[in-house]
There are 2 protein chains.
Amino acid sequence: MRLPALQRREQLLDAATTLIAERGYWGLSLQDVADACGITLPGVLHHFGSKDGLLVAVLEHRDRLDTAALVEHLEAGAPPDLAGVCDAIVSRNAGQREIVRLYAVLEVESLAPDHPAHAFFAERQRRTLALLTRWAPAARSGDALARHILALMDGLQIQWLRDPELDLVAEWRAVSGQLPALRRPL
Amino acid sequence: MRLPALQRREQLLDAATTLIAERGYWGLSLQDVADACGITLPGVLHHFGSKDGLLVAVLEHRDRLDTAALVEHLEAGAPPDLAGVCDAIVSRNAGQREIVRLYAVLEVESLAPDHPAHAFFAERQRRTLALLTRWAPAARSGDALARHILALMDGLQIQWLRDPELDLVAEWRAVSGQLPALRRPL
DNA sequence: GTCTATAGGACGATAGAC
DNA sequence: GTCTATCGTCCTATAGAC
């Protein structure tokens, strides 16, 4: 079935997202992506140029959606403090398991300096830390607090990914409740 | 160079450990393992039967070493409380970056149910949680505390793996100092 | 914009000699 | 215990037709 380019791209990005989450980048096969969308392998490459190109497109696509969702959440009246931002992030993540898995896999895989997403994730972590630090109460070292929060989120997500029974939001509430610097914004 | 079987196995395990840490299991090539040890690919398979067999051997090898190290650390007079056990784990990890990377990569990669190490890591997390829970003060839910601690360790390790400047032990001290349930053993 | 066809390698694994 | 040789499968990527 012949599809408009933009629509086909989106379909391919969806399929690739699921498959990378499942197998990682090194385990991804373009043939599988093609099969999942009912086109041929060269058809995939036509849209993204190369396997690396597809990966970059997937990441950019997700980041655009996530940033938009966060902004919207804040404009819609979430509490404008650090706890509010964190809760917004966690509750959004809780609703998109596959995406969280994609990032968890790629974040660790890309620790290797020659991974095609290495720079992307280094920059992304820098950006996330900056975002959290900006909202941190000025009193104590905001950077240490930001790293603490990020570590907790990453760690809890892995446990949640391994055990579907776990309630990510509840777990985050329980754990972040122990952090005075987070729950007492003043 | 012809080597005794046991020595060759160890050399192969070392090489495989480094390469899996670098590329994950799906990105591992037996050819590279063979090259690193100066033998051919069938030579590798002779010792481990299959690629899966090699992975299992690597993990069993590491777990044996780590368990022994922890026991020794405790017998050598580390504080016999939860904080002491955690500090022991973190400080040992801080000294073996490659190994931590291996586990970080495989832990996330193996979230997929058909990954050859899936069962291994599910069981390992269960065991680690049980270990931490055993040392937790009986007062509060030890299980929640154990998950909290495990999340922190995993999260901090990822940050440390990305940024070699970071001091894992110091970071752990700073972060765990905020956990009253951990630092006040009575 | 999508296809067929194909190039050109790398992969895991096996068989059998030494 | 390690080798050579080889099989069959999978891979990314390119060239060119429609």
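We name chains A, B, ... by the order of the sequence lines, and we start the count at 1 in each one. Computed from a predicted model, the values in this text were never measured in an experiment.
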Q.
Taking any heavy-atom pair under 4.0 Å as a contact, classify A:Leu6: base, sugar-phosphate, or nothing.
A. nothing

Q) From D:dA15, C:dA15, D:dG1, pick the nucleotide closest to the side chain of B:Pro42? A) C:dA15

(Q) Show, in sequence, the C-alpha distance, side-chain angles and deciding distance for B:Leu55 and B:Leu59, and conclude whether the side-chain contact (heavy atoms from CB on, under 4.5 Å) test is met. (A) CA-CA 6 Å; B:Leu55 176 65; B:Leu59 289 171; 4.2 Å; yes

Q: Measure the distance from CG on B:Leu28 to P on C:dA10 and round it to the nearest whole Å.
A: 16 Å

Q: Determine: side-chain N/O of A:Arg8 to OP1/OP2 of C:dG1, distance under 4.0 Å, yes or no.
A: no

Q: Report the distance from atom CZ of A:Phe48 to atom P of D:dT14, rounded to the nearest whole Å.
A: 16 Å

Q: Give one of base, sugar-phosphate or nothing for B:Leu45, where a contact means two heavy atoms less than 4.0 Å apart.
A: base

Q: Check the distance between C:dG12's P and B:Tyr25's OH and give it to me in whole angstrom.
A: 8 Å

**Q.** Atom pair distance, as rounded to whole Å: CZ in B:Arg23 and P in C:dA10
**A.** 13 Å

Q: May I have the distance from B:Trp26 (atom CH2) to C:dG12 (atom C1'), rounded to whole angstrom?
A: 13 Å

**Q.** Presence of B:Thr40 side-chain N/O under 4.0 Å of D:dT2 phosphate oxygens OP1/OP2
**A.** no

Q: Rounded to the nearest 0.5 Å, what's the gap from CG on B:Leu74 to CH2 on B:Trp135? Could you check?
A: 5.5 Å

Q.
Nearest whole Å is fine: how far is D:dC7 C1' from B:Leu41 CG?
A. 14 Å

Q. What are the two closest non-hydrogen atoms of B:Tyr25 and B:His115, and how far apart are they?
A. CB-NE2, 3.7 Å

Q) Heavy atoms, side chains only, cut-off 4.5 Å: are A:Asn93 and A:Tyr103 in contact? A) no

Q) Over how many whole Å does the gap from A:Lys51 atom NZ to D:dT12 atom P extend? A) 5 Å

Q. Can you hop from A:Leu132 to A:Leu145 via hydrophobic side chains spaced under 4.5 Å?
A. yes

Q) Under 4.0 Å between a side-chain N/O of B:His46 and OP1 or OP2 of C:dT14, yes or no? A) no

Q.
Just the rounded figure in Å: distance from C1' of C:dG12 to CG of B:Asp32.
A. 13 Å

Q) Base, sugar-phosphate alone, or nothing: which one does B:Leu30 contact when heavy atoms must sit under 4.0 Å apart? A) sugar-phosphate

